[in-house]
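Predicted model, so just to flag it, every value in this text is computed and none were measured.
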Amino acid sequence: LLQLELSYKTATIGLKRYLENTEDWTLKLVHQHESNKKLYSVVKEGTKFSTELKTQDIDDMPDKTPSQQAKVLKTKAKEEGIKQLTTSWEEKRLHGKYPERVKEADVDQDKTHQWLRSSGLKGETEGLILAAQDQSLFTRNYQANIVKNGANPMCRLCHQFNEDIPHLVSGCPVLAKTEFKERHDKVGQYIHWKLCQHYGLPFADNWYTHETETVVENNKVTILWDFEVHTGRIIKADRPDIIIKDYETKACFLIDMTNPSERNTSVKELEKLRKYKDLEIEIVKMWHLKTVIVPVVIGALGLINKNVDKHIQKLPCELSLREMQKITLMGTARILRKTLSI
């Protein structure tokens, strides 16, 4: 409805300018008639909308025809209208949290929003994710604090924390054991599939039918899935999601994925780099391979940090960040649908 309203305003502004500058004598009569009307006057409404959309100071353009002038004015009015709508959205205390986070320095805005251009998600799923980003879904916290219908704001599953969107998509300890793990493993399944393609190992036609075996190898490489590495000293973090031992390049890659809430993406990236540092040191000693830690951090609602591309480019195969983002969003949509229907 807001966009229809903006379209009406821009059309009225353009029509007013056209009537003011036309040379057609019949349309001059129309302009005179509209100027004398008290209600629903194109001239008066156009003047009001021009002030609202800040186009009142744009002078006549003698080098342009009346229709060209109207077109220029409508374009300027539309740009200003969208700018005002965006500002109004970002200033909202609840709905503005996600756009405020996206504008921070560590976020890659273009890659964060790429799923809206060509991910292939259904319209219903896109709408659900956007509503989740705006925190407009009917969670118990939303019912208790926004609708104020007397609902208990505590999570319907864990009964420990407020049931808001960040909690449902990445924070609930009950969902962590099942739904969050399944979403995480789907991203890992795609990476494993691409690695098997690159190294000439057995792989399925589609990533979602690919089997992630604990150990797959040939004379070029060994790929370990969720494999505990035994070292000479006790290390707590000894089981990254995927380990690649590339014998030809004498390199080892420790890949670990996570889908945190949007506010924690940078924290989780640093956490992964620190977490596996001891294991990296031990692997260099044991296997005599140059070892690289590759954190793959994609926000549960699609947010992507600037360093993600840099990390995945270290891998020997080419991964589609857009595809991994799509897999994450599909997993999040499934979690929200299932949980909110309970």
Side-chain angles (χ1 to χ4, degrees), residues 1-103 109-110 112-113 115-119 121-139 142-143 145-149 165 301:
L1 289 174
L2 288 171
Q3 289 302 309
L4 289 173
E5 190 176 313
L6 179 59
S7 297
Y8 171 72
K9 289 177 180 178
T10 56
T12 304
I13 290 170
L15 180 56
K16 173 181 175 289
R17 174 60 65 94
Y18 181 77
L19 291 175
E20 287 174 343
N21 292 277
T22 183
E23 294 299 323
D24 187 317
W25 69 271
T26 55
L27 291 179
K28 286 183 177 181
L29 290 175
V30 171
H31 179 256
Q32 183 180 354
H33 174 70
E34 288 293 325
S35 300
N36 294 330
K37 284 171 66 177
K38 292 183 178 180
L39 295 175
Y40 311 116
S41 165
V42 169
V43 174
K44 290 174 183 174
E45 288 202 323
T47 302
K48 181 178 72 172
F49 298 152
S50 291
T51 303
E52 181 184 328
L53 298 176
K54 300 180 181 179
T55 59
Q56 75 276 20
D57 296 330
I58 299 177
D59 299 326
D60 290 342
M61 296 160 268
D63 58 325
K64 296 185 182 298
T65 65
S67 59
Q68 289 173 335
Q69 291 184 40
K71 189 175 181 179
V72 169
L73 217 62
K74 286 168 66 176
T75 301
K76 297 287 185 184
K78 184 178 179 181
E79 290 173 356
E80 177 60 28
I82 292 173
K83 182 180 175 182
Q84 290 179 9
L85 286 170
T86 303
T87 302
S88 172
W89 170 45
E90 291 175 348
E91 288 176 350
K92 294 182 182 295
R93 288 181 60 189
L94 181 64
H95 308 320
K97 284 184 178 180
Y98 185 83
E100 182 183 6
R101 174 71 182 100
V102 170
K103 290 169 70 176
Q109 293 191 39
D110 185 62
T112 293
H113 296 309
W115 67 277
L116 284 168
R117 291 192 293 271
S118 58
S119 69
L121 292 175
K122 291 183 178 179
E124 293 85 350
T125 303
E126 283 192 7
L128 179 64
I129 295 299
L130 289 170
Q133 289 176 354
D134 275 358
Q135 301 196 51
S136 299
L137 295 177
F138 211 55
T139 63
Y142 188 89
Q143 294 176 54
N145 297 305
I146 305 299
V147 180
K148 297 182 179 179
N149 61 2
I165 295 299
L301 295 175

S.K.: Enter the distance from Leu94:CG to Ser136:OG here, rounded to the nearest 0.5 Å.
M.R.: 6.5 Å
S.K.: Indicate yes or no: at least one non-hydrogen side-chain atom of Thr22 is less than 4.5 angstrom from one of His31.
M.R.: no
S.K.: Given Leu73, which partner from the list Leu15, Leu53, Ile13 fulfils the side chain to side chain contact (heavy atoms under 4.5 Å, CB included) test?
M.R.: Ile13
S.K.: Heavy atoms, side chains only, cut-off 4.5 Å: are Lys103 and Glu90 in contact?
M.R.: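 Yes, close enough: below the 4.5 Å cut-off.
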S.K.: Looking at every heavy atom in both Trp89 and His95, which two are closest together, and how far apart are they?
M.R.: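 Minimum heavy-atom contact is NE1-O, 3.5 Å.
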S.K.: Do Tyr98 and Asp134 touch side chain to side chain, with heavy atoms closer than 4.5 Å?
M.R.: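 No, side chains not in contact.
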S.K.: Can you tell me if Asp24 and Thr26 form a side-chain donor-acceptor pair at under 3.5 Å?
M.R.: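 Thr26 and Asp24 do have a side-chain donor-acceptor pair below 3.5 Å.
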S.K.: Could you grab the distance from atom CD of Glu124 to atom CD1 of Ile129, nearest 0.5 Å is fine?
M.R.: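 Output value for this atom pair is 12.5 Å.
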S.K.: For the atom pair CG (Asn21) and NZ (Lys28), what is the distance rounded to the nearest 0.5 Å?
M.R.: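 Result: 10.0 Å between the selected atoms.
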S.K.: Heavy-atom distance under 4.5 Å between the side chains of Thr47 and Lys16, does that happen here?
M.R.: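 Result yes, sub-4.5 Å side-chain heavy-atom pair found.
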S.K.: Which value, rounded to the nearest 0.5 Å, describes the distance between Gln69 atom CD and Tyr18 atom OH?
M.R.: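 Result: 11.0 Å between the selected atoms.
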S.K.: Which heavy atom in Glu34 sits nearest to a heavy atom in Val43, and how many Å separate them?
M.R.: CB-CG2, 3.9 Å
S.K.: Do NZ/NE/NH1/NH2 and the carboxylate oxygens of Lys76 and Asp57 come within less than 4.0 Å?
M.R.: no
